[in-house]
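Chain letters run A, B, ... following the sequence lines, proteins first and then strands; every chain starts at 1.
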Amino acid sequence: MPELPEVETVRRGLEAPLTGRRLVRVEQRRADLRWPFPPDFATRLAGRRIDAIDRRSKYLLFRLDDGAVWMVHLGMSGRLFLKHGAPPPGPHDHVVVETDAGSTLIFQDHRRFGMMDLVPEAELATHRLLAGLGPEPLGNEFNAESLSARLAGRRAPIKAALLDQRTVAGLGNIYVSEALYSAGISPLRLARSVVGRRAERLVPAIREVLQAAIAAGGSSLRDHRRTDGSLGDFQHNFRVYDREGERCPTRGCNGTIRRIVQNGRSTLYCPVCQK
DNA sequence: AACAAGACCTGCATGC
DNA sequence: TGCATGCAGGTCTTGT
């Protein structure tokens, strides 16, 4: 489900209500998600205060007052809800956290591809899931030069290379299709050939689609919700994703949006104006 | 080393 | 109605 814009939407939804709040009760309702929880997870988290909520790629990073970081990945179907009081947990509510503000943070994930960990701050940068990540696409280290360098020599299609989190961190299946469309680059083009003007177009295309999606609260196709349960809006702004068979929205292009499968995942694109 | 396929899960839409 | 099939926003692991 969640790509960078959806995770950032969740982060923003939690930041004001949870920063400075203490976690007074932690209920871990099963032993594992994608992987087992770390040892003594609930005990270690209980009583801690949240000092800040950050994001790296699709990971949420809750900075705690004991110097640890609570890492959360939403996987495909994970949600974080903030509710008033202490409602009874529903199906797939795997972690329930009550705060000293009388609110409850609920982690719900029916597919259980999500994960959580507790990591000392000093070990965060070398964490096995974070160490290999490429630059943040909205940060200064992501530019045409650095992107070209990471694509150099790669024979995989650009679609697959952009889904690879070592190339750039945070893109997923929706926003790769949208960014390639916006940049006029075919998803089938070999990654190593995205240099020069194409790389110069692709970087702002990625930035702009992500920023627009964040501004819209992310995309809700099936699973994504904001922390108050409301839907994101960016799915209404898709130009190719989920639009197979529709007319290409580029002015003057008579192409039809096509769906192909690359590495087992749908790619949507316009065969006429993406080269 | 790079790349593609398989695996992990549940729920939903579709078609017979 | 019931059942099989395919598909879904991720990414680690395995095999070529």
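The residue Leu129(A) sits close only to the backbone: its heavy atoms come under 4.0 Å of sugar-phosphate atoms, none of a base. Using a 4.0 Å heavy-atom criterion, one finds that Phe238(A) contacts no nucleic acid atom at all. Heavy atoms of Gly172(A) sit under 4.0 angstrom from primed sugar atoms or phosphate atoms, though from no base atom. At a threshold of 4.0 angstrom between heavy atoms, the contacts of Pro5(A) with the nucleic acid are absent.
One can place CD of Gln262(A) at 13 Å from P of dA8(C), the figure rounded to the nearest angstrom. Atom CZ in Arg34(A) sits roughly 14 Å away from atom P in dA7(B) (whole-Å rounding). Remark: P of dA13(B) and CD of Glu244(A) are 18 Å apart, rounded to the nearest angstrom. In this entry the distance linking CZ of Arg265(A) with C1' of dA7(B) reads 14 Å, nearest Å. Between the CG atom of Leu221(A) and the C1' atom of dG10(C) there is a distance of 15 Å, rounded to whole Å. Trp35(A) has its CH2 atom 14 Å from the P atom of dG10(C), to the nearest Å. Atom-to-atom, CG of Leu162(A) to C1' of dT11(C) comes out at 16 Å; the value is rounded to the nearest Å. Distance Asp223(A) CG to dC9(B) P: 17 Å, rounded to the nearest Å.
Residue Arg155(A) places none of its side-chain N or O atoms closer than 4.0 Å to OP1 or OP2 of dC3(B). Side-chain N/O atoms of Gln165(A) include one lying less than 4.0 angstrom from OP1 or OP2 on dT11(C). OP1 or OP2 of dT11(C) sits under 4.0 Å from a side-chain N or O of His73(A). For the pair His224(A) and dA8(C), the criterion of a side-chain N or O lying under 4.0 Å from OP1 or OP2 is not met.
Between dC9(B) and dT14(C), the distance separating the two P atoms is 15 Å to the nearest Å. dT11(C) and dA1(B) have their P atoms separated by 23 Å, with the value rounded to a whole Å.
Classification of Asp164(A) and Arg166(A) as a salt-bridged pair holds, one side-chain N sitting under 4.0 Å from a carboxylate O. Contact check on Arg44(A) versus Asp66(A) returns no salt bridge, with no Lys/Arg side-chain nitrogen under 4.0 Å from an Asp/Glu carboxylate oxygen. Between Glu136(A) and Arg56(A) there is a salt bridge, with a side-chain nitrogen of the basic residue lying less than 4.0 Å from a carboxylate oxygen of the acidic one.
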Task: Leu268(A) vs Glu244(A), side chain to side chain contact (heavy atoms under 4.5 Å, CB included): CA-CA, chis, key distance, verdict - done: CA-CA 7 Å; Leu268(A) 284 297; Glu244(A) 181 182 15; 4.1 Å; yes

- [ ] List the steps, then state whether salt bridge (charged side-chain N to carboxylate O under 4.0 Å, His left out) holds for Glu8(A) with Arg11(A).
- [x] CA-CA 5 Å; Glu8(A) 178 63 18; Arg11(A) 191 196 71 77; 3.0 Å; yes

Task: Step-by-step salt bridge (charged side-chain N to carboxylate O under 4.0 Å, His left out) determination, Asp54(A) to Arg63(A) - done: CA-CA 8 Å; Asp54(A) 296 327; Arg63(A) 312 267 177 186; 2.7 Å; yes

Task: Dot-bracket notation for DNA chain C, counting Watson-Crick and G-U pairs under 3.5 Å, with | for partners on another strand - done: .|||||||.|||||||

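With Arg154(A) contributing its side chain and Leu190(A) its backbone, the two residues share no donor-acceptor pair below 3.5 Å. Of the possible donor and acceptor atoms, none in the side chain of Lys275(A) sits under 3.5 Å from a partner among the backbone N and O of Arg189(A). Looking only at distances, no side-chain donor or acceptor of Asp93(A) sits under 3.5 Å from a matching main-chain atom of Ile106(A).
The residue among Ser266(A) and Lys58(A) whose nearest nucleotide of DNA chain C is located toward the 5' end is Ser266(A).
Trp70(A) pairs with exactly one of Phe62(A), Phe107(A), Tyr59(A) by the ring-ring contact (aromatic ring centres under 6.0 Å, His included) rule, that one being Phe62(A).
At a non-hydrogen distance threshold of 4.0 Å, His110(A), Arg111(A), Arg112(A), Phe113(A) from residues 110-128 of chain A come into contact with DNA chain B.
Listed nucleotides: dA5(B), dG11(B), dC12(C). Nearest to the side chain of His92(A): dG11(B).
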